[in-house]
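In what follows, a single structure is set out as C-alpha cells and then discussed.
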Amino acid sequence: MTDKYVTENFITQIIDADLASGKHTDIVTRFPPEPNGYLHIGHAKSICLNFGVAADYSGVCHLRFDDTNPEKESAEYAEAIREDVKWLGFDWGELQHNASDYFQQLYDYAVELINKGLAYVDDQSIEEIRENRGDFNTPGKNSPYRERSVEENLDLFKRMKAGEFDDGSKVLRAKIDMTSGNINMRDPVIYRIRRLHHIHTGDTWCIYPMYDFTHGISDAIEGITHSLCTLEFEDHRPLYDWYLDNISIPNHPQQIEFSRLNLSFTITSKRKLNQLVENNVVDGWDDPRMSTLSGMRRRGYPPAAIREFIKRVGVSKSESVISMTVLEDTLRSHLNKVAPRVMGVLRPLKVVIENYPEDKEEILTGANHPQDDSYGEREIPFGREIYVEQSDYKENANRKFFRLTEGREVRLRHAYYITCQKAIKNEQGEVVELRCTYDPESRGGTADGRKVKGTIHWVSAKHAKNIEVRLYDRLFNHPKPASLDNFLDAINPDSLTILKDALVEPYLLEADQDTVYQFERNAYFKRDKTHETDQPVFNQVVTMRDSWAKLEENNQ
RNA sequence: UGGGAUGUCGCCAAGUGGCUAAGGCACCAGGUUUUGAUCCUGGCAUUCGCAGGUUCGAGUCCUGCCAUCCCAGCCA
C-alpha cells in the first residue's frame, strides 16, 4: 500500500504541524552514532526513523559521528557503521559529518558562555564535583570557583586548551542551578581535559566537549529541524535548549524522544553483546544469532524485511518489548514473496524405489516459485535411489500423518507417487532405509483422482550435493534476558545446530549464491560468508510456519 | 523522598470529548493447495492502570491514587 518508510506517529504529527504552521519548509534529521561499537537492531529503529522520515518528507538525513570521547572510538567502528547503514538501504550522500568537525566552533561558543558569565572553570576534583552535586533529595552546593571573574575564566579556559593543566585537574562548567530538581542542570560539565589521540583531530585538542554541549550545537550548525533520540535523553532536553538559548546561533532544533526498540529473547546492549563475544558464547560480532546488523546480514535477513519490521513496530513513547514473532513473520512474508524454492534434505533417509530401473535417470522440472511464474523453472535429476527427510517417515503413524509409513502412498514433489513397502532397520533398531515402489503413471506428481494427502521433498542420491547447514534457535531462553541478574544464565545451549550431512539438489550450488532460498517444507537458507572448507555452508534465516509441529505439540 | 516520562486485547499500536474502541503479531475454528508453506474466511477488549468528578455525552477534560521506566559520568 503506502511506500513510506514510517507510518504516522506522534513525531510525524509534530512535523506535519511544523510544516503547516510554516515553522519549517524542509525537514532535516540526523543519525548520530558514536563510533564505539557495532550497530544492532535497536539502532535500526533510529536509522529507519531518521532516514525514513527525511525520505518521506523529501528532506535529508545527515550521518554524524558523535566523536567527542576519543577514549572509546575508532575509525574501524565508523567504517562498520557506514557499511551497516548502507546495507540497510540508506544513503546520506555528501552529508557525512563528525561532531569533531565543529570543535573550533564549539570552543568559540564556550568562550561566548564565559563572556556572558554563564560558564566557569572549576578546579574541584572529580570526587568533589560528585559530592557537591547532591542527590535526588539533596540540592547541590555551589563550587567555590563558581564566582570567578570572566577574565580569569577566559584566561584559565584558554590555558586549558593550551595544555597547561593536567588531565582531570580542571573542567569548564555551565553556570545554571545547583539546586535544580533535574540533576543535568546542576552546573553540567562542558569541557574536560583529556590527552588522547582523536580519530579525526589527532592531537590538536587536549580538551574535549561533552555530549550535551556538543549535540544540540552540532544539530543547530547542520540545520537539523528535528533531533530524534531515545527516551533516556528526556531529562537532557532542558539542557539542550539552555545551551542553544544562551549562545548566538540562529537555529534551534527540536529534540523529540521516542522509546527504544527491545526485542524479546534478545539483548541489545553494547556491553552485553561484547560479553557474548568475549566469552566465546558466539562466533563474533557477526554471529548469525547476534542482534547486530552485521549478524543479521550474515544470517540472511533481507534489509527490506528489517525496514518493514521497524515500520510495523511503530514509534511511540511507551517502553515496549516487541515479540520475536513479529520479526519472524515479517521475514517470512517478505521471503515468501522473493525466495526461489529448492529442495534440500537436512537429515537424509535413504529410499530405494524397487520397481524403478537400476540404470535409469530422468530430468524432471520444477517451478522455482509456486505463485510467481517469472521465477521460471529448473531441472531436477531423479533416479532409483533418493533421500527423503527422516522426519517424513514414522513407524506407527496414525491417519493424520500424511507422510511415509508402511503401506502409505505419498507424492514426491515435482516427481512421482511412491508407496512405502518396508523399512529396514540396523542392529540398533533405527530405520536406515526405506523400500518403496513408484507409480510410473504419476510423473509430474499428478495421477488419477487418487487422494494423496502428503507431498514430500527429496533429492536424488546420485546427483545430490552435500552441504553443511546451520540451524539457529533463539540465543536466550528468557523473554527478557536483560532483566536478569546475570543474563548469561539464560543462554540457550541449543541455539546452534550444525548438520553436516545435508543434501541439496545440484541446482542450488549452480544458482546465485547471494540470494535467500526456501528449502521447501523446511526453512529459508542463505549461503554463509565462510569458505573455510570445500563444503558449502548455509545459514538458516528463519523456519517456515509449521502447523503440523504445533498440532503435535498441542496433542501432548 | 526530588525531577522527568509511560500506562488501550498475550505482544505492539491507532484513537486529538460524540455513530457498534482501527490495524499487525500471537492464538482459535474452517476452506483452498503438488510446500501440513502460501492464500482465503470467520472468531478473538460491554472496555481503555484504579477511584472519584466535569459533561447531554470521556479512552479522550479535571482531581487523587497505583504501577513501571529514566536521571546523582570529567560516557553517549
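Order of the sequence lines sets the chain letters (A, B, ...), proteins ahead of strands, with each chain counted from 1.
- Atom P of B:rU63 sits at a distance of 15 Å from the matching atom of B:rU54, rounded to the whole Å.
- Judged by Watson-Crick or G-U wobble contacts below 3.5 Å, the nucleotide B:rG42 has B:rC28 as its partner.
- Here A:His457 lies out of heavy-atom contact (under 4.0 Å) with every strand.
- A:Lys337 comes within contact range of no nucleotide atom at all, as no heavy-atom separation falls under 4.0 Å.
- Residues passing the side-chain contact (heavy atoms from CB on, under 4.5 Å) test with A:Thr365, sequence neighbours excluded: A:Glu377.
- A:Arg399 meets the side chain to side chain donor-acceptor pair (under 3.5 Å) test with no other residue; sequence neighbours excluded.
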So which protein nitrogen or oxygen atoms get under 3.5 Å of nucleotides 66-70 of chain B's nitrogens or oxygens?
| residue | atom | partner | partner atom | Å |
| --- | --- | --- | --- | --- |
| B:rC69 | O2' | A:Glu319 | OE2 | 2.8 |

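- Remark: A:Arg130 pairs with no residue by the salt bridge (charged side-chain N to carboxylate O under 4.0 Å, His left out) rule, at least two apart or across chains.
- Evaluation of atom-type donor-acceptor distances gives no pair under 3.5 Å for the side chain of A:Arg237 against the base of B:rG4.
- Across B:rG36, B:rC75, B:rU35, the shortest atom-to-atom separation from the side chain of A:Arg413 is found for B:rU35.
- Put simply, CZ on A:Phe265 is 14 Å from C1' on B:rC25, counting in whole angstrom units.
- For the pair A:Trp548 and B:rG36, the ring geometry qualifies as stacking, because the centroid separation is below 5.5 Å while the planes lie within an angle under 30°.
- Among residues two or more places apart in sequence or in another chain, the side chain to side chain donor-acceptor pair (under 3.5 Å) test is passed with A:Asp167 by A:Arg195.
- Proximity of a side-chain donor or acceptor of A:Arg408 to a complementary backbone N or O of A:Phe401 within less than 3.5 Å is detected.
- Taking the side chain to side chain donor-acceptor pair (under 3.5 Å) definition, one finds that A:Asn182 meets it with A:Asn184, sequence neighbours left out.
- Comparing the P positions of B:rA13 and B:rC25 gives a spacing of 16 Å, expressed to the nearest Å.
- In this structure, A:Glu308 places its CD atom 14 Å from C1' of B:rC12, rounding to the nearest Å.
- Legend: residues meeting salt bridge (charged side-chain N to carboxylate O under 4.0 Å, His left out) with A:Arg133, ordered by chain and number and at least two apart, are absent.
- Partners of A:Glu164 under the side chain to side chain donor-acceptor pair (under 3.5 Å) rule, at least two apart in sequence or in another chain, are A:Arg159.
- In this structure B:rA21 sits in no base pair that meets the Watson-Crick or G-U test at under 3.5 Å.
- Nucleic acid contact for A:Val171: base, since at least one base atom lies under 4.0 Å from a heavy atom of the residue.
- Across all strands shown, nothing is found opposite B:rU55 as a Watson-Crick or G-U wobble partner with both distances under 3.5 Å.
- The partner of B:rC75 is absent, by the rule that a Watson-Crick or G-U pair needs both atom distances under 3.5 Å.
- A:Arg237 is linked by a salt bridge (charged side-chain N to carboxylate O under 4.0 Å, His left out) to A:Glu257, counting only residues two or more places apart in sequence or in another chain.
- Nearest to the side chain of A:Ile322, among B:rU6, B:rU35, B:rC12, sits B:rC12.
- Close to B:rA76, at under 4.0 Å from its OP1 or OP2, lies a side-chain N or O of A:Thr68.
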Below 3.5 Å is the cut-off: list the nitrogen or oxygen pairs between protein and nucleotides 39-43 of chain B, distance only.
none

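- Residues that satisfy the salt bridge (charged side-chain N to carboxylate O under 4.0 Å, His left out) test with A:Arg521, not counting sequence neighbours, are A:Asp392.
- Using a 4.0 Å cut-off on heavy atoms, the residues of residues 120-131 of chain A that approach RNA chain B are A:Gln124, A:Ser125, A:Ile126, A:Ile129, A:Arg130, listed by number.
- Comparing B:rU46 with B:rG57, their P atoms sit 23 Å apart, to the nearest whole Å.
- Taking only side-chain nitrogens and oxygens, A:Ser547 comes nearer than 4.0 Å to OP1 or OP2 of B:rA37.
- Under the stacking definition used here (centres under 5.5 Å, planes under 30°), the residue A:Phe136 fails to qualify as stacked on the base of B:rG3.
- Taking a pair to require two hydrogen-bonding distances under 3.5 Å in either a Watson-Crick or a G-U wobble arrangement, B:rA67 pairs with B:rU6.
- Relative to the ring axis of A:Tyr208, A:Arg194 does not place its NZ or CZ within 45° and under 6.0 Å from the centre.
- Comparing atom distances between the A:Met210 side chain and each of B:rC74, B:rG36, B:rG15 picks out B:rC74 as nearest.
- Looking at heavy-atom distances under 4.0 Å, A:Pro370 makes contact with a base.
- Side chain of A:Val189, nearest nucleotide from B:rC75, B:rC74, B:rU35: B:rC74.
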